[in-house]
Peer 1: 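So that we are looking at the same thing, I have put the structure below in structure tokens.
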Amino acid sequence: MVRAQSLRFEYKTGRTAAGFFELVCQEFEARAGEITGIVGSNGSGKTTLVKLLLGELQPRTGSIWLDGAEINCFSKDERHRLIGWVHMDSARLLVDEFTVEDHFLLSIAAGIHGSIALPFFPKLAWVRSESFSNIIAQDLVAYDQIAGRYVAELSSGQKQALGNALGFSSRQKLLIADEGTATLDAVRSTQFCRWLESVVSTNSCAAVLVSHDLRLVAEYCRDLYVVDGGQVYEMSDFRDRSVEAKLRAIERRMGM
């Protein structure tokens with residue numbers, strides 16, 4: 001579970017008359033075993049909130065807890081092991097000259113040793129003897145069918161699916177998908193959300209889904225937060241509604 005309270009964060013920007021942007025979040029909670037949604041227009045502060053939850057940004061005030069411990073208690077490598085993060089640019093982190101299997105091997109090594117530099121890749125042959133059991137998303141990319149293919153040979157959808165698959169492991173307590181379905185077609189987007197739903201239930205971890213696809217959010221998220229102009233609001237009574245009622249409530253809240 002991840003919980004945040006009384007968060008304030010600001011940075012300078014030329015986009016506002018005041019010359020700075022401020023994110024304010026009084027309360028946020030993503031429960032274990034469930035998917036929590038975050039929606040909002042472009043530039044509203046969604047990714048800023050995600051980076052605060054990741055510990056990549058430090059709030060001016062407030063606190064964030066992961067499984068009861070303050071996020072600042074963990075080192076960067078510890079956070080990487082405990083929190084999985086995929087985003088719409090995950091595919092750009094792939095290396096065209098590496099195969100799908102190579103990327104999975106790198107992911108396993110990074111999970112064991114924290115961050116790892118690419119120049120050391122030729123020395124990772126030992127990883128092949130390690131089990132892939134901690135890579136929980138092999139099915140998202142049909143691993144057995146494309147393991148030997150180079151990234152340069154994959155379609156854009158396959159690359160995004162691979163980026164998503166590499167971002168999560170069974171050891172993580174929090175999984176964050178920040179527009180991880182943005183470049184996927186409807187079938188792959190649904191497949192990803194069904195997989196995420198299954199994983200959080202099986203592994204008792206928490207998940208956060210950030211998306212512009214309001215129907216996906218309505219269908220798979222139990223709780224929802226709307227980010228509007230830097231203000232984070234919780235949608236009340238969201239979890240007890242039908243999918244269609246959730247969708248209508250989101251559209252009304254976002255002025256659609």
Peer 1: Measuring from L175:CG to L209:CG, what's the distance to the nearest 0.5 Å?
Peer 2: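 The CG atom of L209 is 11.0 Å from CG of L175, to the nearest 0.5 Å.
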
Peer 1: Quick one: closest heavy-atom pair of F28 and T36, and the distance?
Peer 2: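 Where F28 meets T36 most closely, the heavy atoms are CZ-CG2, 4.2 Å.
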
Peer 1: Less than 4.5 Å apart, any side-chain heavy atom of E27 and any of R3?
Peer 2: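 A side-chain contact exists here, since the closest heavy-atom pair is under 4.5 Å.
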
Peer 1: Hey, are the side chains of R149 and Q158 touching, using non-hydrogen atoms and a 4.5 Å cut-off?
Peer 2: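 Counting from C-beta outward, R149 and Q158 do come under 4.5 Å.
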
Peer 1: For a quick test of reading the model, state the closest non-hydrogen atom pair linking D96 to K159 and the distance between them.
Peer 2: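 That closest heavy-atom pairing would be OD1-NZ, 4.2 Å.
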
Peer 1: Roughly how far, to the nearest 0.5 Å, is CD of E10 from CZ of R60?
Peer 2: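 Between atom CZ of R60 and atom CD of E10 there are 4.5 Å.
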
Peer 1: Whether E179 and K46 form a salt bridge (side-chain N of Lys/Arg under 4.0 Å from carboxylate O of Asp/Glu) is what I want to check.
Peer 2: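 A salt bridge is absent here (no side-chain N lies under 4.0 Å from a carboxylate O).
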
Peer 1: Taking atom types as modelled and ignoring hydrogens, do the side chains of T181 and D213 form a donor-acceptor contact shorter than 3.5 angstrom?
Peer 2: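 Side chains of T181 and D213: no pair found under 3.5 Å.
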
Peer 1: So does S44 get a backbone contact from the side chain of S41, meaning a donor-acceptor N/O pair under 3.5 Å?
Peer 2: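 It does not hold such a pair.
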
Peer 1: Which atoms form the tightest heavy-atom contact between R253 and Y233, and what is the distance?
Peer 2: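 What the structure gives for the nearest pair is NH2-CD1, 3.0 Å.
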
Peer 1: With a 4.5 Å limit on heavy-atom distance, are the side chains of R194 and Y220 in contact?
Peer 2: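 In short, these two side chains touch, coming nearer than 4.5 Å.
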
Peer 1: Any side-chain heavy atom of V50 sitting closer than 4.5 Å to one from W85?
Peer 2: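 Yes, their side chains come closer than 4.5 Å.
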
Peer 1: Atom OH of Y11 and atom CD of E22: how far apart are they, to the nearest 0.5 Å?
Peer 2: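 Atom-to-atom, Y11:OH and E22:CD are 11.5 Å apart.
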
Peer 1: With distance as the sole test, does R79 use its side chain to make a donor-acceptor pair with the main-chain N or O of L54 at under 3.5 Å?
Peer 2: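 Checking the backbone N and O of L54 against the side chain of R79, a donor-acceptor pair under 3.5 Å is found.
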
Peer 1: Are Q5 and S63 side-chain neighbours, meaning at least one heavy-atom pair lies under 4.5 Å?
Peer 2: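 Q5 vs S63: side chains apart.
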
Peer 1: From T48 OG1 over to K51 NZ, what is the distance, rounded to the nearest 0.5 angstrom?
Peer 2: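 Interatomic distance, T48 OG1 to K51 NZ, rounded to 0.5 Å: 7.0 Å.
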
Peer 1: Taking the side chain as C-beta and beyond, is there a heavy-atom pair between Q231 and Q26 under 4.5 Å?
Peer 2: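 The answer is no, as the side chains (C-beta and beyond) never meet within the 4.5 Å cut-off.
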
Peer 1: Do E251 and L214 touch side chain to side chain, with heavy atoms closer than 4.5 Å?
Peer 2: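 A side-chain contact under 4.5 Å exists here.
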
Peer 1: Is there a donor-acceptor contact under 3.5 Å from the side chain of H87 to the main chain of N164?
Peer 2: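 It does not hold such a pair.
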
Peer 1: Given 3.5 Å as the limit, does a donor-acceptor pair link the side chain of D185 with the main chain of R188, or not?
Peer 2: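 Indeed, once roles are kept as given, a pair shorter than 3.5 Å links the two residues.
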
Peer 1: Stepwise, does the side chain to side chain contact (heavy atoms under 4.5 Å, CB included) test hold for V199 with C205?
Peer 2: CA-CA 8 Å; V199 167; C205 57; 4.3 Å; yes

Peer 1: Please report the shortest heavy-atom distance between A207 and A30, naming the atom on each side.
Peer 2: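 What the structure gives for the nearest pair is O-CB, 4.4 Å.
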
Peer 1: I'd like to know if the side chain of S201 reaches the main chain of E197, judged simply by a donor and an acceptor atom lying under 3.5 Å from each other, with no hydrogens or angles considered.
Peer 2: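 No: the side chain of S201 does not pair with the backbone of E197.
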
Peer 1: Using the rule that Ile, Leu, Val, Met, Phe, Trp and Tyr join whenever any side-chain heavy atoms are under 4.5 Å apart, tell me whether F238 and L247 fall into a single cluster.
Peer 2: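 Yes; L247 is reachable from F238 via cluster members.
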
Peer 1: Quick one: pull up CG in L224 and CD1 in I38 and give me the separation to the nearest 0.5 Å.
Peer 2: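 Answer rounded to 0.5 Å: 8.5 Å.
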
Peer 1: Kindly indicate whether the side chain of T99, heavy atoms from C-beta on, has any atom under 4.5 Å from the side chain of V151.
Peer 2: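 No - every pair of side-chain heavy atoms lies 4.5 Å or more apart.
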
Peer 1: Flag yes if I35 and M1 sit in one hydrophobic cluster, no otherwise; membership is Ile, Leu, Val, Met, Phe, Trp, Tyr, and two members link when side-chain heavy atoms are under 4.5 Å apart.
Peer 2: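 Different hydrophobic clusters.
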
Peer 1: In plain terms, say whether R215 and E244 are close enough for a salt bridge, that is, a side-chain N and a carboxylate O under 4.0 Å apart.
Peer 2: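 E244 and R215: salt-bridged.
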
Peer 1: Could you measure the distance from the CD atom of Q172 to the CG atom of N203? Nearest 0.5 Å is fine.
Peer 2: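 Answer for the CD-CG pair, Q172 versus N203, is 10.0 Å.
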
Peer 1: Give a yes or no on whether the backbone of V210 and the side-chain of D178 come within a donor-acceptor separation of less than 3.5 Å.
Peer 2: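 Not a single qualifying donor-acceptor pair exists.
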
Peer 1: Under 4.5 Å between side-chain heavy atoms, counting indirect links through other Ile/Leu/Val/Met/Phe/Trp/Tyr residues: same cluster for L53 and W65 or not?
Peer 2: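 In one cluster: no.
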
Peer 1: Closest approach of K246 and R241, non-hydrogen atoms and distance?
Peer 2: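 Heavy atoms of K246 and R241 come nearest at CE-O, 3.4 Å.
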
Peer 1: Would you say F21 ends up clustered with Y225 if hydrophobic residues are merged whenever their side chains have heavy atoms under 4.5 Å apart, either directly or through other cluster members?
Peer 2: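 Yes, same cluster.
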
Peer 1: On a heavy-atom basis, which atom in L7 and which in A4 lie closest, and how many Å separate them?
Peer 2: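 Distance-wise, the nearest heavy atoms are CD1-CB, 3.6 Å.
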
Peer 1: Side chain to side chain contact (heavy atoms under 4.5 Å, CB included) between E29 and V2: does it pass, once the steps are laid out?
Peer 2: CA-CA 6 Å; E29 183 177 10; V2 64; over 6 Å; no

Peer 1: Should I83 and K173 be marked as a side chain to side chain contact (heavy atoms under 4.5 Å, CB included) after you check the CA-CA gap, both sets of side-chain angles, and the distance that decides it?
Peer 2: CA-CA 6 Å; I83 306 174; K173 300 294 185 181; over 6 Å; no

Peer 1: Is L162 linked to Y150 within one hydrophobic cluster, defined over Ile, Leu, Val, Met, Phe, Trp and Tyr using a side-chain heavy-atom separation of less than 4.5 Å?
Peer 2: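 No, separate clusters.
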
Peer 1: Quick check on R92: does its CZ atom have over 12 non-hydrogen neighbours (other residues, nucleotides or ligands) under 6.0 Å away?
Peer 2: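 It does not: R92 CZ has 12 such atoms or fewer within range.
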
Peer 1: Could you walk me through whether D67 and L82 pass side chain to side chain contact (heavy atoms under 4.5 Å, CB included), step by step?
Peer 2: CA-CA 10 Å; D67 263 12; L82 291 170; over 6 Å; no

